[in-house]
Amino acid sequence: MALDKTFDPAAIEAKWYSHWETNGLFRPERPDATPYTIVNPPPNVTGSLHIGHALDNTLQDVVIRYERLRGKDALWVVGTDHAGIATQMVVERQMEARHDKRTNYSREAFVDKVWEWKHESGGTITCQLRRLGCSMDWSREQFTMDPHFTRAVVKVFVDLYNKGLIYRDKRLVNWDPKLKTAISDLEVETREIKGGFWHFKYPLADGVKRDDGLDYIEVATTRPETMLADMCVAVNADDPRYASVIDKEIVQPLTGRRFRIVADEHADPELGSGAVKITPGHDFNDFEVGKRAGIKPADMLNMFDAEALVVQAADGLIPEKYLGLDRFVVRDMIVADMKAAGMLIPHMTKDKDGEPVEVDAEPRTIQTPFGDRGGVVIEPWLTDQWYVNAAELSKAPLEAVRSGAIEIVPKSWEKTFFNWMENIQPWCVSRQLWWGHRIPAWFADDGEIYVAETEEEAQALAGNKTLSRDEDVLDTWFSSALWPFATLGWPEDTTLVQRHYPNDLLVSGFDILFFWDARMMMMGQAMTGQNPWPRLYLHGLVRAPDGQKMSKSKGNVVDPLGLIDQYGADALRFFMAAMESQGRDIKMDERRVEGYRNFATKLWNAARFCESNGIAASTSIAAPKATSAVNKWIIGEVVETLGQLDQAMADLRFDAAANAIYHFVWDQFCDWYIELIKGNFDEETKAVAGWVLDQILVMLHPFMPFVTEELWGALGDRPHYPLITASWPDPQASVDAEAKAEVDWLIALIGNLRTAKNELGIAPGAKLEAYLPEPSAQTRGVIERNPGAIERIARLSAVRFEAAPAGAAMQIGAGDASLIVPLEGVIDIASEKARLAKALEVSQKEAKSLEGRLNNPSFVEKAKPEAVEKARADHAMHAAEAERLSAALARLG
RNA sequence: GGGCGUAUAGCUCAGUGGUAGAGCACUAUGUUGACAUCGUAGGGGUCGCAAGUUCAAUCCUUGCUACGCCCACCA
C-alpha cells in the first residue's frame with residue numbers, strides 16, 4: 001500500500017487504539033513470561049484529562065510498552081477513584097443549580113444519585129486516556145468502590161483496629177465548616193491573609209493586683225471571637241512580670257467566666273504581652289496547654305457548631321446576642337463590645353501624614369489554614385474521630401527507603417520523605433460525608449464500640465445490645481492506599497496477586513507523595529508485609545508557558561486534548577518524554593510539540609521513501625549480514641542507539657531515551673544512511689534498510705505508538721503480528737570500527753567540502769574534481785569503495801590520485817588526508833587564502849593551548865595518563881592540520 | 001523558622017573534573033532519486049557572583065545574590 005505524502009495523526013489514532021483494545025493487545029496472554037506491573041494513579045471519577053495526567057500517563061505508558069515489547073507479562077492496572085469530597089461536591093452543586101439539596105434526601109437516596117451520576121458522567125477521563133494512547137488493561141478496569149474493593153477496605157479497617165493501629169479519639173481536628181467534615185492535616189493549606197492583632201485587658205478577679213499595680217493582664221490575639229470559650233490565661237513561669245499572679249483568677253469581661261492564670265512553657269515572654277489567652281477547644285496549641293493545665297478534652301468548652309456558627313457553651317456563659325452568628329461577624333462584635341467596655345488596648349500607629357493615631361488592631365499577615373477542597377477557613381474543632389496510628393505504620397516504609405528496598409527516583413526526594421515520615425501525626429481517617437466507604441463500626445447505647453466486617457459479626461460481639469452503625473465514611477486516600485493490591489483481588493490470594501504484587505514501579509507526581517505514595521507504603525507493609533513496589537518515580541509539574549502553575553482562575557490552562565487534535569498524540573507524548581529530566585518541572589512549549597509532530601512526519605517520509613524503493617519489512621530479529629561499510633555502519637549505529645535507549649530506560653531517564661532514538665532517526669538514518677544508499681538499492685542494502693527501519697519502529701513505539709504501528713503495518717503484511725506486541729531489538733551484531741571509521745571519514749569530507757563551497761560562494765551543486773597525491777591505502781580504499789557518495793553527495797566528478805595541476809585550488813581536509821580541489825576560474829585566490837588563514841588560526845590556537853598544557857610539568861606528572869595521552873594526540877592532530885593548512889597557503893603564494 | 005530545588009546560547013532545556021550541546025528562534029542559501037512539517041551552511045555562551053580545593057573547575061566545597069517549591073503552632 002502506498003503511503004500518503006503527509007502523516008495525518010487523526011486519521012490513524014482512533015483506528016489503532018480500538019484495534020489494540022478490542023484485540024486484547026494491551027495485555028496479551030503471557031502466563032510464562034516475567035510479570036511487570038504498574039498501577040495507574042486512579043484519577044478522580046469527576047476528573048477530566050489535564051496536562052499533568054498527560055505527563056504522568058505518558059511516562060507510564062512508555063515504560064509499560066517498553067516492557068511489553070521486551071516480552072514481559074506487562075500489566076498496567078487502571079481505574080478511577082470515588083473521590084469522596086470531590087464527587088459529593090459535584091453532585092451537590094448540581095442539586096443546588098436545581099434549588100435542591102442533599103438534605104432533602106435520605107442518605108441512601110443521595111448515594112443512589114451519586115452512583116447514577118458516576119455511571120452517566122464518571123467515565124470522561126477514561127475515554128481521554130485512550131486518546132493519549134495509553135495501553136492500560138481496560139478489561140479489568142477498577143473503581144475504588146467496587147464490591148471487592150469495599151471488602152478489602154473493610155478488612156483493612158477491622159484488622160488495623162484489632163491490632164490497635166486504628167482507634168477512636170477525641171481531639172481537635174481540622175474542621176471544614178463549609179463541607180461540614182473533618183479533614184486531615186494534608187488537606188489543609190496555609191494561605192497568608194491580612195488580619196489584625198488585637199490587644200485586650202483581662203481583669204484580675206477579687207481585686208488582685210500585679211506587682212506593678214495593674215489590675216489586669218494584657219492578652220493579644222488574632223482571633224478575638226474565641227474568647228467566648230477561653231478557659232485560662234497562660235504566662236511563662238520565668239516571666240517576672242507575671243510571677244505574682246500565677247494561679248490567680250481572671251474574670252473574662254464578656255462572659256464573666258472566671259478562670260485561672262497558669263504557668264506554661266507555651267507562653268513566650270518575647271511575644272505580645274507575654275500572656276496568652278487559652279481556648280483549648282478551638283486552637284491546637286491551646287488544646288495542649290489546656291491538657292497540661294489539667295483540663296480534660298471532654299471538659300473543654302466548645303462555642304461553635306458544624307458550620308462555625310456560635311452556640312452556647314456548656315457553662316451557659318456566652319451572651320445570648322452572639323448565638324447563631326457567624327464566627328467572623330462575632331469577631332467584629334466582640335472587638336466593638338470589648339472596646340465599649342474599655343477593655344481594648346488600642347494600637348498606636350501613624351497616619352499618612354505621619355501623625356500618631358490609635359487603631360483597634362495591629363495589622364498583621366496571618367498564616368491561615370484553609371480547606372483545600374472547600375476553600376474556607378478551617379476551624380479547629382473538638383470531635384470524636386477515627387485515627388490511624390501513622391507513626392507506627394511509618395516505621396516499615398522508613399526502613400524500606402533507608403535500606404534501599406524502595407528506591408525513590410530522583411533521590412533528592414528521600415530527604416523530604418524522611419522529614420515528613422519521621423514527624424508524622426495521627427491520620428484522621430473519618431469524614432462526615434455520605435459518599436464513601438462507610439466505617440465498619442457500630443455503637444451501642446452504652447457507648448461501647450464494635451468494629452467488625454459485617455453487622456452480624458458486630459452484633460455477635462455486642463450480644464443483645466442495640467447497635468447503630470457509624471454514620472461516617474473513610475478518607476478517600478484510605479482506600480486508594482490499597483490500590484497496589486486491592487485492584488488485583490486482595491484479600492483473595494488470586495493468581496494476579498501472586499504474580500503482580502508487589503508491583504514493579506510507581507510513577508506519580510511529587511504532589512501526592514504524602515497523600516498517596518507514602519500511604520501505599522504504609523498499608524502495603526501493614527497488610528501484606530511487603531513493599532508495594534521497589535521503585536518510586538516522582539515527576540514534577542507541567543507549568544504554563546510563562547512558568548506559572550496552570551490554573552483555571554489564571555486562565556493559563558493548556559488542554560492536552562487540544563494539543564492532540566492539533567499535533568497528534570504521538571507528538572504530545574514525545575514532548576512529555578523528551579522534556580522529562582529528573583527533578584525538574586516541565587514548562588509547556590507548544591513549538592516543541594510542533595517540532596515532534598515534524599519528527600513524526602520526517603519518519604513517515606523516510607518510510608515512504610523506503611517503501612517506494614522496494615525496502616520492506618524485515619524477516620529477522622538479528623541484523624542481516626552486511627558487507628558494505630555503509631550497511632555495517634548503520635547496523636552498528638542501531639546497536640549503539642539500542643544500548644543508549646536501554647540504559648536510559650533502566651535509569652528512568654525519559655529524556656535521554658527519547659533523544660537517543662530521535663537523533664538516530666533524524667541524524668543517522670535520514671540525514672546520512674538514506675542519502676548514502678540512494679542509487680544503490682542492492683539486495684543487501686534493501687535487507688539492511690528494511691531491518692533498520694523495523695528496529696526504529698520498535699524502539700520508537702513506546703514513545704510514538706500510533707505512527708509506528710501504522711508504518712509497521714504499511715511496510716509489511718503482518719496483520720497478526722502488530723507492533724505493540726512485537727519483540728524488542730536484539731541485533732546480535734556489534735559496532736564495526738572499520739566501517740564506522742570509513743563512514744565517519746566520508747561524512748567529514750562531505751561536511752568540509754560543503755562548508756568550503758559555502759564560504760567561497762561556490763554553487764553547492766557545482767561538480768568539481770579533486771586531487772589526492774600519495775593517498776594512504778586506507779583513504780584510497782574508502783574513496784574507491786564509495787563512488788556513489790563521492791559523486792552524488794560530495795559532488796566530486798573524480799578524485800585523481802596524483803599531484804594537482806598548478807593554479808588556484810582549495811584544500812579540503814578529512815582525517816589525515818588533504819584533497820586539493822582546483823578552482824581555476826571558479827574562485828579568486830584571495831577568498832581561499834582568507835578561508836585557509838582562518839582555519840589555520842583555529843588549528844594553531846588549539847595546538848598552542850594543548851602545547852601549553854603539555855609543557856606544564858605538573859600536568860604531565862599528576863594528570864591521569866589517559867588525559868595526558870589524549871592531549872598529546874589532540875596536539876599532534878591540530879599541529880598536523882596547521883602544517884597542512886600553511887602548506888596550502890604557501891602553495892597559493 | 002526548617003528543608004529542598006533552580007540559575008548554561010535570544011527562548012525552553014540537556015551535560016561533563018580536561019576550553020560546552022540539543023530543539024526552537026536568527027542569518028545566508030536551495031544542488032541532491034522521501035520530506036519546505038524539508039535540505040545545506042553559518043552566527044551566537046568569561047556555564048548567576050565571589051573565594052577555596054586541584055596540574056586543571058561550568059562541574060567538587062563554602063559563602064553571597066535571585067527565583068521557585070514544600071513543611072512548621074509564633075498567640
Side-chain angles (χ1 to χ4, degrees), chain A residues 3 5-7 185 190 197 219-223 234 266-268 270-279 283-289 366-367 369 380 410 412-413 415-416 418-420 423 510-511 513-514 540-541 543 545 547-549 567 571 578-579 581 583-589 591-592 594-613 653 655-656 659 662-663 670-671 674-675 678-679 681 751 754-759 761 763-767 792-793 795 845-846 849-850 853 856-864 866-868 870-871 874:
Chain A
L3 292 165
K5 188 169 175 184
T6 50
F7 163 53
D185 296 345
T190 308
F197 194 45
V219 294
T221 182
T222 57
R223 302 194 57 203
H266 171 63
D268 182 346
E270 305 291 315
L271 291 172
S273 62
V276 202
K277 62 187 258 332
I278 299 296
T279 319
D283 181 279
F284 288 100
N285 286 314
D286 293 3
F287 179 78
E288 297 302 324
V289 176
I366 300 164
Q367 306 287 326
S412 53
W413 281 102
K415 203 156 182 177
T416 306
F418 289 141
N419 194 32
W420 186 72
N423 297 292
F510 63 72
D511 52 330
L513 171 61
F514 303 143
L541 238 54
R543 314 189 80 94
Q548 289 197 294
K549 222 165 152 169
Y567 303 106
M579 296 306 288
S581 57
R584 200 196 260 256
D585 286 348
I586 293 178
K587 225 173 272 187
M588 196 58 227
D589 181 357
R591 304 297 293 271
R592 198 143 183 154
E594 185 184 8
Y596 292 127
R597 186 273 318 262
N598 296 351
F599 173 62
T601 305
K602 183 80 182 175
L603 172 70
W604 181 267
N605 279 295
R608 205 159 64 91
F609 170 81
C610 289
E611 186 203 35
S612 68
N613 285 289
R653 285 303 306 245
D655 56 343
N659 286 328
Y662 178 95
H663 285 113
C670 292
D671 286 355
I674 286 185
E675 292 307 323
K678 275 178 182 171
F681 297 111
R754 282 170 174 169
T755 304
K757 278 176 155 180
N758 194 284
E759 284 179 2
K767 289 244 178 183
R792 228 170 4 81
I793 313 180
R795 302 195 74 74
K845 202 179 144 205
E846 288 288 331
S849 151
L850 286 160
R853 200 187 301 171
N856 176 355
S858 38
F859 171 68
V860 180
E861 282 163 31
K862 296 184 185 172
K864 284 177 303 206
E866 311 90 88
V868 178
K870 184 172 187 310
D874 288 353

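Computation of the quantities below employed the complete heavy-atom set of this structure, encompassing side-chain atoms and omitting hydrogens, waters and symmetry-equivalent molecules. Predicted model only: the values in this text are computed from it and were never measured. Naming: A, B, ... by sequence-line order, numbering from 1 per chain.
A/Asn758 places no side-chain N or O within donor-acceptor distance of the main-chain N or O of A/Arg754, the cut-off being under 3.5 Å. Side chain of A/Ser849 to backbone of A/Lys845: no donor-acceptor contact under 3.5 angstrom is found. Listed for the A/Asn419 side chain is no donor-acceptor partner under 3.5 Å among the backbone atoms of A/Lys415.
If you take CE of A/Met579 and P of B/C24, they are 13 Å apart, rounded to a whole angstrom. If you take CZ of A/Arg592 and C1' of B/C24, they are 8 Å apart, rounded to a whole angstrom. Between A/Asn423 atom CG and B/C71 atom C1' the separation is 9 Å, expressed in whole Å. The interatomic distance linking A/Arg792 (CZ) with B/A34 (P) rounds to 11 Å, in whole Å. Separating the CG atom of A/Asp283 from the P atom of B/C73 is a distance of 11 Å, rounded to the nearest angstrom. When the P atom of B/G3 is taken as reference, atom CZ of A/Phe514 falls 15 Å away, rounded to whole Å. A/Lys587 places its NZ atom 10 Å from the C1' atom of B/C67, with the value rounded to the nearest Å. Rounded to whole Å, the distance from NZ on A/Lys757 to P on B/G30 is 14 Å.
Taking a 6.0 Å sphere around NZ of A/Lys767, one finds it holds more than 12 heavy atoms contributed by other residues, nucleotides or ligands.
Side-chain atoms of A/Asn856 and A/Arg853 form no donor-acceptor pair, as typed in the model, at a separation below 3.5 Å.
In this structure, the ring-ring contact (aromatic ring centres under 6.0 Å, His included) partners of A/Phe514, at least two apart in sequence or on a different chain, are A/Trp420. Residues forming a ring-ring contact (aromatic ring centres under 6.0 Å, His included) with A/Phe287 (at least two apart in sequence, or on another chain): none. Residues passing the side-chain contact (heavy atoms from CB on, under 4.5 Å) test with A/Arg584, sequence neighbours excluded: A/Ser581. Take A/Pro764 and apply the side-chain contact (heavy atoms from CB on, under 4.5 Å) test, not counting sequence neighbours, and it matches no residue. By the ring-ring contact (aromatic ring centres under 6.0 Å, His included) test, A/Phe418 is found to be paired with no residue, residues two or more places apart in sequence or in another chain being considered. For A/Arg543, the salt bridge (charged side-chain N to carboxylate O under 4.0 Å, His left out) partners at least two apart in sequence or on another chain are A/Asp585. Taking A/Arg792 as the reference, A/Lys678 meet the side-chain contact (heavy atoms from CB on, under 4.5 Å) condition, with sequence neighbours excluded. Considering only residues two or more places apart in sequence or on other chains, A/Asp511 meets the side chain to side chain donor-acceptor pair (under 3.5 Å) condition with none of them.
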Could you go over nucleotides 4-6 of chain B and give all protein N or O partners under 3.5 Å, atom names and distances?
from	atom 1	to	atom 2	distance (Å)
B/C4	OP1	A/Lys415	NZ	2.9
B/U6	O3'	A/Arg584	NH2	3.1

Produce the list of close N/O pairs, under 3.5 Å, pairing protein atoms with atoms of nucleotides 58-62 of chain B; give distances to one decimal.
none

Taking only nitrogen or oxygen atoms into account, show me every contact under 3.5 Å that the protein makes with nucleotides 35-39 of chain B, one pair per line with its distance.
from	atom 1	to	atom 2	distance (Å)
B/C35	O4'	A/Asn605	OD1	3.3
B/C35	O2'	A/Asn605	ND2	3.4
B/C35	O2	A/Lys602	NZ	2.8
B/C35	N3	A/Lys602	NZ	3.1
B/U37	O4'	A/Asn598	OD1	3.2
B/U37	O2	A/Arg597	NE	2.9
B/U37	O2	A/Asn598	OD1	3.3
B/U37	O2	A/Thr601	OG1	2.7
B/C38	OP1	A/Asn598	ND2	3.1
B/C38	O3'	A/Lys602	NZ	3.0
B/G39	OP1	A/Lys602	NZ	3.1
B/G39	OP1	A/Trp666	NE1	2.5

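Base engagement by A/Ser849 is indicated by at least one non-hydrogen atom pair under 4.0 Å involving a base atom. Base engagement by A/Cys670 is indicated by at least one non-hydrogen atom pair under 4.0 Å involving a base atom. Base contact: A/Asn285 has a heavy atom under 4.0 Å from a base atom. Within 4.0 Å (heavy atoms only), A/His663 reaches sugar-phosphate atoms of the nucleic acid but no base atom. Nucleic acid contact class of A/Lys864 (heavy atoms, under 4.0 Å, all strands): base. Using a 4.0 Å heavy-atom criterion, one finds that A/Arg223 contacts no nucleic acid atom at all. Among the protein residues, A/Gly274 comes within range of the nucleic acid bases, having at least one heavy atom under 4.0 Å from a base atom. Contacts of A/Asp268 with the nucleic acid, taken as non-hydrogen atoms under 4.0 Å apart, include base atoms. Using a 4.0 Å heavy-atom cutoff across all strands shown, A/Ala867 reaches at least one base atom of the nucleic acid.
With contacts defined as side-chain heavy-atom distances shorter than 4.5 Å, the pair A/Leu541/A/Lys549 qualifies. Side-chain contact check for A/Phe284 versus A/Glu288: every heavy-atom pair is 4.5 Å or farther apart.
Nucleotides B/U12 and B/U8 place their P atoms 9 Å apart, quoted to the nearest Å. Taking atom P on both B/A28 and B/C67, the two are 39 Å apart, rounded to the nearest angstrom. Distance check on atom P: B/U61 versus B/U16 gives 14 Å, rounded to whole Å. A gap of 32 Å separates the P atoms of B/C64 and B/G45, to the nearest Å. Nucleotides B/G15 and B/C59 have their C1' atoms positioned 9 Å apart, rounded to a whole Å. As rounded to the nearest Å, B/A22 and B/A41 have P atoms that lie 13 Å from one another.
Of all heavy-atom pairs spanning A/His266 and A/Val289, the tightest one is CB-CG2, 3.6 Å.
Nearer to the 5' terminus of RNA chain B, by closest-nucleotide assignment, is the contact made by A/Arg653 (compared with the other of A/Arg653 and A/Tyr596). Both A/Phe510 and A/Ala267 lie near RNA chain B, and the one whose nearest nucleotide falls closer to the 5' end is A/Phe510.
Counting only Watson-Crick or G-U wobble pairs whose defining distances are both under 3.5 Å, the stems of 3 or more consecutive pairs in RNA chain B are B:1-7 with B:65-71, B:10-13 with B:21-24, B:26-30 with B:38-42, B:48-52 with B:60-64.
Between B/G68 and A/Arg543, no contact under 4.0 Å exists linking OP1 or OP2 to a side-chain N or O. When the side-chain nitrogen and oxygen atoms of A/Ser858 are compared with OP1 and OP2 of B/A56, none of them lie within a distance under 4.0 Å. Distances shown here put a side-chain N or O of A/Arg591 below 4.0 Å from the OP1 or OP2 atom of B/A25.
Of the candidate nucleotides B/U12, B/U32, B/A75, B/U32 has the atom nearest to the side chain of A/Arg795. When distances are taken from the side chain of A/Asn856 to each of B/A41, B/C55, B/A22, the shortest belongs to B/C55.
Using bins of under 30°, 30° to 60° and over 60° for the plane-to-plane angle, the ring pair A/Trp413/A/Phe510 lands in the parallel bin.
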